[in-house]
Amino acid sequence: MSNPSGPDPAGPSPPGPNPDPDEVSQDNPRICQCWHVQLSAIRRAIDAGARTVRAIGEQTRAGTGCGTCRFDLEELLAEAGSKDPDAGD
């Protein structure tokens, strides 16, 4: 029986040039293991105005679990040109 409302929503997505930005890949690794936060989500938080590790955590939860990713978050902030006054927290 065909689905009158369109394609089956549980079916696979067609391949295309815009992959899921939060799919774990070599170019989009998981930075925060506790909360499964990928690099793309952290970069979006920084682009949206997060300038501290704490602010990234508020937006993504990254860095709020065990804390081992905080150094990576500090590096990403530095790459984006942000100084993190919370780095010692």
Side-chain angles (χ1 to χ4, degrees):
M1 181 172 171
S2 68
N3 184 346
S5 64
D8 180 6
S13 299
N18 297 317
D20 178 1
D22 289 327
E23 183 177 332
V24 176
S25 69
Q26 186 174 358
D27 295 327
N28 189 30
R30 183 173 290 150
I31 302 298
C32 176
Q33 299 301 318
C34 295
W35 299 112
H36 309 282
V37 182
Q38 275 74 253
L39 177 61
S40 60
I42 294 165
R43 286 192 172 144
R44 282 194 306 271
I46 293 170
D47 290 346
R51 296 293 176 258
T52 64
V53 169
R54 182 174 293 156
I56 291 172
E58 289 170 356
Q59 291 186 36
T60 68
R61 296 180 81 179
T64 65
C66 73
T68 58
C69 65
R70 291 178 62 87
F71 180 74
D72 293 326
L73 300 178
E74 291 167 10
E75 284 187 337
L76 291 167
L77 285 165
E79 287 173 12
S82 299
K83 300 282 185 195
D84 184 3
D86 295 337
D89 286 355

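Below, each value reflects all heavy atoms present in this structure, side chains not excepted, and no hydrogens, waters or symmetry copies.
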Which pair of heavy atoms, one from [X] and one from [Y], lies closest together, and at what distance?
X	Y	result
Q59	A48	OE1-CB, 4.0 Å
R30	Q33	O-NE2, 3.3 Å
A62	C69	C-SG, 4.3 Å
V37	A41	CG1-CB, 3.9 Å
C32	G63	SG-N, 4.0 Å

Please round to the nearest 0.5 Å and tell me the distance separating atom [atom1] of [X] and atom [atom2] of [Y].
X	Y	atom1	atom2	value
E75	I31	CD	CD1	9.5 Å
L39	R44	CG	CZ	10.0 Å
I56	T64	CD1	OG1	11.5 Å
I46	T52	CD1	OG1	10.0 Å

Looking at R43, I want to see if its CZ is surrounded by more than 12 non-hydrogen atoms of other residues, nucleotides or ligands under 6.0 Å.
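Open: at most 12 neighbouring heavy atoms sit under 6.0 Å from CZ of R43.
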Do we see a donor-acceptor contact under 3.5 Å between the side chains of W35 and T60?
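Note: W35 and T60 side chains miss the donor-acceptor criterion.
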